[in-house]
Amino acid sequence: MTAFKEFAHVCSQIENTSSSLEITDMVAEFFRIVDTEELPVVIHFIMGEVFPAWSEEELGIGKGLYYTSLSKVSGLSVDEIKEIVRKTGDIGKTTIEVMKNKSGDQVTFSVFFDDNTQLSIIDVYEALKKIAAINGKGSQNIKMKNLQYIFSKASPQESQYMARLVLEELRIGVGEGIVRDAIALAFDVPAESIERGFMLTNDMGAVGLAAKKGGIEEVEKLNMELNRPIKLMLAQVTPSIKTAIEEMEEAAIEWKFDGARLQVHKDKDKVSIYSRKLENITNSLPDVVSAVKEYVNADTAILDGEAFAVDENGKPKPFQEILKRLRRKYDIEITTRDIPLTVKFFDIMYLNGDYLIDLSLIERRRLLGECVRNSNSITVDQQVVTDDPEIGEKIYSEAIRAGHEGIMIKNPQSPYTPGKRGKNWLKKKPVMETLDLVVIGGEWGYGRRTNFIGSYTLSCYDPDSGNFLPIGKVGTGITDENLVELTGLFSDLIVVESGRDLEFKPEIVFEVAFEEIQKSTNYESGYALRFPRLVSIRDDKSPHEADTISRVDEIYRSQRK
Ligand SMILES: Nc1ncnc2c1ncn2[C@@H]1O[C@H](COP(=O)(O)OP(=O)(O)OP(=O)(O)O)[C@@H](O)[C@H]1O
């Protein structure tokens with residue numbers, strides 16, 4: 001059994017190291033020394049998650065509950081605690097600080113603390129699992145008691161990392177890339193095999209376990225499983241329908257529906273639905289669940305599709321309306337009635353025990369057509385296979401006229417490649433170029449907007465370093481209604497506040513339109529946006545799925561042509 005203290009120690013060492021190679025070595029060494037049954041937990045913990053996003057288990061510990069627990073233990077008020085968070089900019093440091101306040105200089109965590117009882121990693125995991133399972137009436141109070149109990153057993157260093165872990169703010173700079181390389185190094189398995197395993201299982205814990213148990217052989221055996229989402233296949237932008245079709249020689253054209261991506265798993269009577277971020281959103285979509293039960297004629301299946309809603313004229317409703325459905329936790333019946341969804345399925349990855357991703361698109365579509373019975377709420381998306389760019393253009397105009405986003409141009413012979421943004425799926429949308437950028441900072445407004453956050457600092461993602469690189473600020477396009485909503489949303493994400501300037505936890509993605517991208521020395525990305533304007537809040541994207549610095553570079557260069 002490895003002590004949680006060891007985990008906290010490794011975290012703090014990692015935080016004091018800047019070279020990612022050295023970090024990978026440390027992580028690999030830790031993976032090597034922990035027991036087999038501890039490994040999956042350690043892998044998730046080190047990436048800052050208690051349960052993977054797709055799991056039905058949810059910790060349900062928000063900032064409010066955490067602050068109240070701290071307040072109860074320390075005797076400080078919640079406002080006093082918030083003030084310390086603002087000053088330290090870190091929930092871990094705050095936890096220590098608060099405890100110090102409680103007992104003068106000496107950091108004592110509780111009456112329960114006893115040097116002989118060592119909290120193991122598994123103890124922490126089991127305790128958090130128990131907290132996650134608490135539901136129903138009075139659950140917040142019971143969660144809080146349990147939380148206080150595990151904190152009471154932790155030393156200062158442990159409690160610091162525990163706090164960050166339970167609030168999903170561990171952020172020690174260990175992401176999927178480092179974990180993949182560390183597993184490869186620790187158990188001598190090629191990184192590509194680890195990557196493949198991860199794309200299919202979406203679970204680094206499972207991949208690490210396989211690597212430790214049986215090396216490459218065991219990792220290669222990993223495959224997709226029902227009720228655990230696989231990574232989604234993604235598309236590249238094409239500037240021209242004509243070149244796209246000509247390059248593919250023959251192309252499968254589909255409408256690009258203006259909605260939200262869904263991955264649907266049917267496991268006999270059980271249906272699970274995952275979002276673009278691969279979060280389990282089954283509970284918000286009872287209508288889709290029953291439609292799948294009724295109209296998908298398969299014992300077991302994994303399907304890929306897009307959900308959208310239409311208004312009385314048959315035009316798609318704004319994307320924000322659909323998001324209201326996806327993130328809904330309460331009043332589900334009312335929103336289901338007010339915003340009925342239509343799902344268009346366009347792919348199938350698994351059917352009645354057969355893995356289909358290596359089949360050609362055409363073959364998969366045939367099987368999809370055979371198992372989905374078209375109805376009002378779910379249908380198989382229409383597809384035209386052609387080598388004629390004019391037909392492509394025509395379908396594009398129809399899709400735009402119908403109020404959808406454009407078209408997808410897919411290679412009919414291509415396999416389904418989870419997690420890849422390759423050349424086999426291309427998307428064509430109208431020219432208005434937008435970027436999905438991560439908000440990392442902001443500024444309190446002036447005049448009428450004094451108590452609101454009036455401008456937001458945008459950044460693009462650099463997958464190599466894992467950093468978010470600033471590229472500009474946006475204040476235009478924010479309506480009064482938005483202003484209130486956004487201020488509420490971002491108030492919870494403030495990490496540092498100095499004067500008017502705010503720094504946020506990188507969590508929210510803005511879709512931003514702009515006139516042009518310019519070279520600039522003002523921002524770390526080396527670029528700046530001219531006339532940026534907020535178009536939408538991309539709740540369906542996580543920061544790591546935002547546009548990258550190379551995409552920015554690509555647009556910059558295409559402007560010069
Ligand atoms: N027929 C279709 N086939 C594939 N994807 C479709 C289709 N209709 C709509 N879509 C949506 O278009 C997206 C394809 O573009 P991409 O893979 O680049 O995703 P994205 O990063 O979410 O981009 P975007 O912002 O353009 O939706 C899918 O994620 C899906 O949500």
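Remember, it's 1-based here, ligands and their atoms both numbered in the order they're listed.
Closest to atom 23 (O) of ligand 1 among all protein heavy atoms lies Lys427 NZ, 2.9 Å. Annotation: atom 3 (N) of ligand 1 to nearest protein heavy atom, Lys410 NZ, 2.9 Å. The nearest protein atom to atom 29 (O) of ligand 1, hydrogens excluded, is given as Arg261 NH1, 3.0 Å; this is a heavy-atom distance.
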For Glu168 and Glu49, what are the C-alpha separation, side-chain angles and deciding distance, and is it a side chain to side chain contact (heavy atoms under 4.5 Å, CB included)?
-> CA-CA 6 Å; Glu168 296 177 339; Glu49 56 189 27; 6.0 Å; no
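Any N or O atom pair closer than 3.5 Å counts here, and Lys256 shares at least one such pair with ligand 1. Between Phe257 and ligand 1, at least one N/O pair is under 3.5 Å apart. Distances between N or O atoms of Ala235 and those of ligand 1 include at least one value under 3.5 Å.
Taking 4.0 Å as the cut-off between side-chain N and carboxylate O, Glu306 and Arg276 do not count as a salt-bridged pair.
Distance CG/Leu278 to NZ/Lys231: 6.0 Å, rounded to 0.5 Å.
You'll find the ring centres of His44 and Phe51 outside the 6.0 Å limit. With ring centers used as reference points, Phe346 lies 6.0 Å or more from Phe257.
When Arg276, Glu306, Glu254 are checked for heavy-atom proximity to atom 11 (C) of ligand 1, Glu306 turns out nearest.
Under the 6.0 Å distance and 45° angle rule, Lys519 counts as a cation-pi partner of Tyr556.
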